[in-house]
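Side chains included, hydrogens not; waters and symmetry mates left out as well; all remaining heavy atoms used.
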Amino acid sequence: MIDAATRTFLDAFFRRTAAREHADIVVLAILRTHVHMLIRTTPRMDLPRLVQFFKGGSSYAASRLPGNILGLRWAKEYSVTTVGPKQLAAVMHYIAGRAAHHPGEAIDDDREAS
C-alpha cells in the first residue's frame, strides 16, 4: 500500500528518473495500490528499461527510507499504450480522474494528480 509519505517519495523519484532518462512526465496519478502516468519520450525509448528504472529503482530506494518497514513491492506486470496527439487531452483527463474512479484508493491528503 502506498501512503502519503511514499507517494511524495514516488512523485519526486519518478520525475527525477524520467528527467535523467530524457522523458517527461505529463501527468501522474499515484493511488494506494497502483500508479498511472502519461510520459513523453523519444521515439526510440527502451520502455521496458524505463519501467525497470521506475519500478525496480523506486522499490530499492523506498525500502531504504527511514521508517519504511515493509519496503515497496510492485507487481511484475505493467501496461504501456501509445497515445497520439488527438487522444492526449482525453488521456490526461482519464489519469487525473483515477482517484474518483477507484473509490478508497485516493491517498489521504487528496493530492490525486499533478
Side-chain angles (χ1 to χ4, degrees):
M1 297 296 272
I2 299 170
D3 60 14
T6 304
R7 195 239 358 262
T8 299
F9 163 78
L10 287 173
D11 186 281
F13 183 89
F14 289 155
R15 291 178 192 284
R16 279 192 318 271
T17 301
R20 185 186 72 228
E21 297 301 315
H22 308 288
D24 297 314
I25 294 180
V26 177
V27 64
L28 174 63
I30 302 174
L31 303 172
R32 288 193 182 281
T33 61
H34 63 284
V35 172
H36 293 267
M37 74 171 69
L38 175 63
I39 59 175
R40 181 177 295 120
T41 69
T42 59
R44 297 200 182 268
M45 174 65 65
D46 182 349
L47 291 177
R49 181 174 167 263
L50 181 61
V51 170
Q52 176 59 34
F53 286 150
F54 285 145
K55 292 172 71 171
S58 64
S59 180
Y60 180 83
S63 68
R64 282 144 185 81
L65 291 174
N68 190 333
I69 297 168
L70 297 176
L72 176 64
R73 294 175 184 88
W74 296 104
K76 291 180 182 180
E77 300 82 17
Y78 63 92
S79 176
V80 174
T81 304
T82 59
V83 177
K86 291 181 180 179
Q87 299 91 18
L88 188 59
V91 172
M92 291 173 68
H93 179 74
Y94 174 87
I95 292 173
R98 290 302 79 201
H101 181 76
H102 295 286
E105 291 269 332
I107 298 172
D108 291 336
D109 73 4
D110 294 330
R111 192 182 98 199
E112 298 167 5
S114 54

Identify the heavy atoms of [X] and [Y] that sit nearest to each other, and give their distance.
| X | Y | value |
| --- | --- | --- |
| Phe9 | Ser58 | CE2-O, 3.8 Å |
| His22 | Met45 | O-CE, 4.3 Å |
| Ala61 | Phe13 | CB-CE1, 4.2 Å |

Transitive ILVMFWY side-chain link Ile95 to Val83, under 4.5 Å: yes
same_hphob_cluster(Leu50, Tyr60) at 4.5 Å side-chain heavy-atom cutoff: no
Side-chain donor/acceptor of Ser59 to backbone N/O of Leu72, under 3.5 Å: yes
Backbone N/O of Ile2 and side chain of Thr6: donor-acceptor pair under 3.5 Å: no
Cationic N near anionic O, under 4.0 Å, Arg7 to Asp11: no
Ring geometry between Trp74 and Phe14 (parallel below 30°, tilted from 30 to 60°, perpendicular above 60°): tilted
More than 12 heavy atoms from other groups under 6.0 Å of OH on Tyr78: yes
Heavy-atom side-chain proximity of His36 to Val27 below 4.5 angstrom: no
Chi angles and distances behind the side-chain contact (heavy atoms from CB on, under 4.5 Å) call for Leu38, Leu88: CA-CA 9 Å; Leu38 175 63; Leu88 188 59; 3.5 Å; yes
Test: Arg49 cationic atom under 6.0 Å from Phe53 six-membered ring centre, within 45° of axis: no
Nearest-0.5 Å distance that lies between atom CG in Leu10 and atom OG1 in Thr17: 10.0 Å
Approximate separation, where rounding is to 0.5 Å, of Leu47 CG and Glu21 CD: 11.5 Å
